[in-house]
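Any value given below was found using the heavy atoms of this structure, including those in side chains, with hydrogens, waters and symmetry copies removed. Computed from a predicted structure; not experimentally measured. Along the sequence shown, the residues carry numbers beginning at 1.
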Amino acid sequence: MRNPVLLSLGLLVASAAHADLGAIPRQSGWSGFLLGGVTASSHESNFYAGGDSNNRIDSLGSPGSENGFAPLLNADIRYTFADTRTQVFLGNLIQDALRFDFTQQFGIRQEMGDKGIVAGSVVFNVMPVELWSDPFATGVDRSSTDAKSKGVRFAWDKIWGSNFNGSITTREVDLDEEHSGQQYDQRNGTSYAPVLNRNGKIHDMELSYQWHFGDGQVLEPAILYKQAKLDGSAESFKNTGLQLTYAKRGPQWSIVSNAYVGKREYDEANPIFGQRADAGEFALTGTFFWHSLLGVKDLSGTITAAYSQANSDIGFYDTQTSTFSTGLLYNF
């Protein structure tokens with residue numbers, strides 16, 4: 001994927017208008033949204049192959065900066081069987097977007113009376129993420145490779161009739177060509193590549209609570225936990241974080257904002273650098289919506305600004321992303 005994940009923040013859209021963001025409609029039929037636009041981004045990463053300007057590096061220092069434009073496209077398509085309170089969905093659900101989760105899904109949701117809504121789905125990334133096959137290679141043109149992921153997710157909204165929401169996701173990550181550390185091994189007679197392997201499994205857990213206020217306002221704090229059990233022990237990590245989402249819906253305009261802080265701790269030291277790449281993470285986003293654009297009831301204009309960074313104990317692992325996107329969102 002050439003687009004940083006944060007550009008998908010345009011999905012934090014106006015369905016914040018509804019008091020119950022994850023409710024299954026009372027009538028059978030199709031529903032969802034379509035989103036199209038453009039994103040301008042600037043990122044710094046030694047792992048993400050977002051372009052060609054940083055394909056060659058001369059040292060294992062902090063990453064350089066790269067700028068670019070990319071299309072912003074996404075959709076959420078659902079069909080509801082009102083009699084059985086069942087919903088089939090494909091895409092990115094609004095309630096997940098509000099929790100800063102943009103994984104694509106295909107699954108089914110079932111309302112259980114006053115006990116909440118449970119969902120099971122397969123998860124996947126529509127566009128593979130482009131990474132450097134050997135990010136530690138120096139003095140040569142690095143080649144990019146596609147990283148694909150697939151797995152399953154179980155979610156429970158309004159757990160037992162409360163305002164708690166939870167989800168558990170497990171997925172497998174597979175790089176088409178994983179060569180991390182191979183050039184370094186060839187030059188130095190070491191055998192570090194196996195512990196730098198980025199293929200493996202990633203498990204995510206999340207628990208959040210929604211507060212609904214008057215005047216169309218929603219506040220949702222969340223606890224997030226991620227464990228990456230990768231083939232390379234020096235790339236395996238545990239990630240814990242706190243996230244706060246605020247949304248306000250008005251008749252003409254809406255806003256949605258997210259703030260996230262987290263800590264990533266690796267299982268072992270990266271042998272090339274002789275220490276672990278533990279990092280502190282931070283992200284901040286804001287999205288503004290103008291409803292009934294051009295007099296069309298279900299059409300909204302969107303503007304999103306986002307910033308994220310990870311400060312690692314190893315400068316080579318530092319990342320930073322800034323994005324600005326604008327687009328059109330159509331609800332149906």
Side-chain angles (χ1 to χ4, degrees), residues 1-17 21 30-43 45 48-52 66-79 87-107 121-131 144-151 153 169 171 173 176 245 247 254-258 283 285-294 296-308 321-332:
M1 181 180 72
R2 290 192 178 273
N3 308 337
V5 172
L6 286 177
L7 66 83
S8 293
L9 288 171
L11 294 178
L12 295 175
V13 60
S15 284
L21 297 171
W30 296 98
S31 60
F33 68 82
L34 302 173
L35 173 69
V38 64
T39 295
S41 65
S42 173
H43 71 270
S45 173
Y48 170 65
D52 298 326
E66 186 166 2
N67 304 315
F69 292 89
L72 173 62
L73 300 170
N74 220 316
D76 169 23
I77 301 173
R78 293 165 274 174
Y79 189 85
Q87 187 178 72
V88 179
F89 61 91
L90 172 65
N92 182 262
L93 295 179
I94 284 293
Q95 60 269 30
D96 289 330
L98 284 173
R99 295 168 195 158
F100 205 47
D101 181 350
F102 306 104
T103 301
Q104 301 300 305
Q105 305 177 65
F106 176 64
S121 61
V122 294
V123 297
F124 54 94
N125 54 344
V126 176
M127 295 293 291
V129 178
E130 285 192 58
L131 303 175
S144 63
T145 187
D146 288 343
K148 304 171 184 177
S149 67
K150 58 183 178 180
R153 170 175 294 172
T169 306
R171 72 194 81 192
V173 178
D176 288 347
T245 299
S254 298
I255 58 171
V256 180
S257 59
N258 280 275
T285 71
T287 306
F288 176 82
F289 310 94
W290 189 262
H291 307 306
S292 300
L293 189 66
L294 302 176
V296 180
K297 177 182 177 183
D298 296 321
L299 184 67
S300 297
T302 71
I303 298 176
T304 296
Y307 174 82
S308 68
T321 302
S322 300
T323 65
F324 179 85
S325 65
T326 184
L328 298 176
L329 178 114
Y330 181 76
N331 289 282
F332 61 93

Trainee: S300 vs L293, test: side-chain contact (heavy atoms from CB on, under 4.5 Å). Steps then yes/no.
Mentor: CA-CA 5 Å; S300 297; L293 189 66; 5.8 Å; no
Trainee: Name the residue from V38, T39, I303 that meets the side-chain contact (heavy atoms from CB on, under 4.5 Å) definition with F324.
Mentor: I303
Trainee: I'd like to know if D76 pairs up with R78 as an ion pair, taking the criterion as any Lys NZ or Arg NE/NH1/NH2 lying under 4.0 Å from an Asp or Glu carboxylate oxygen.
Mentor: yes
Trainee: Look only at the side chain of T287 and the backbone of I255, and say whether a donor-acceptor pair between them is shorter than 3.5 Å.
Mentor: no
Trainee: Listed by chain and number, what are the side chain to side chain contact (heavy atoms under 4.5 Å, CB included) partners of Y330, not counting sequence neighbours?
Mentor: D298, L299, F332
Trainee: Roughly how far, to the nearest 0.5 Å, is the OG1 atom of T304 from the CZ atom of F288?
Mentor: 11.0 Å
Trainee: Drop me the distance from E130's CD to D146's CG, to the nearest 0.5 angstrom.
Mentor: 5.5 Å
Trainee: Ring pair (Phe, Tyr, Trp, His ring centres under 6.0 Å) with Y79: which residues, sequence neighbours excluded?
Mentor: W30, F81
Trainee: For F124 and Q105, work out which heavy atoms get closest and say how close.
Mentor: CE2-C, 3.9 Å
Trainee: Do you know the tightest heavy-atom contact between S308 and A283?
Mentor: CB-CB, 3.9 Å
Trainee: Nearest 0.5 angstrom please: T302 OG1 to W290 CH2, how far?
Mentor: 14.5 Å
Trainee: Indicate the atoms forming the closest heavy-atom contact of A306 with T285, along with that distance.
Mentor: CB-CG2, 3.6 Å
Trainee: List for me each residue that meets side chain to side chain contact (heavy atoms under 4.5 Å, CB included) alongside S149, sequence neighbours excluded, and say none if there are none.
Mentor: N125, R171, V173
Trainee: Hey, could you give me the OG/CZ distance between S325 and F69, rounded to the nearest 0.5 Å?
Mentor: 12.0 Å
Trainee: Check the pair Q104 / N74 against side-chain contact (heavy atoms from CB on, under 4.5 Å), numbers first and verdict last.
Mentor: CA-CA 9 Å; Q104 301 300 305; N74 220 316; 3.2 Å; yes
Trainee: How close do L328 and G301 get, counting heavy atoms only, and between which atoms?
Mentor: CD2-CA, 4.3 Å
Trainee: Can you name the closest pair of heavy atoms from L73 and G36 and give their distance?
Mentor: CD2-CA, 4.0 Å
Trainee: Return the OH to OG distance between Y307 and S42, rounded to the nearest 0.5 Å.
Mentor: 10.0 Å
Trainee: Measuring from atom OG of S144 to atom CG of D176, what distance do you get when rounded to the nearest 0.5 angstrom?
Mentor: 10.0 Å
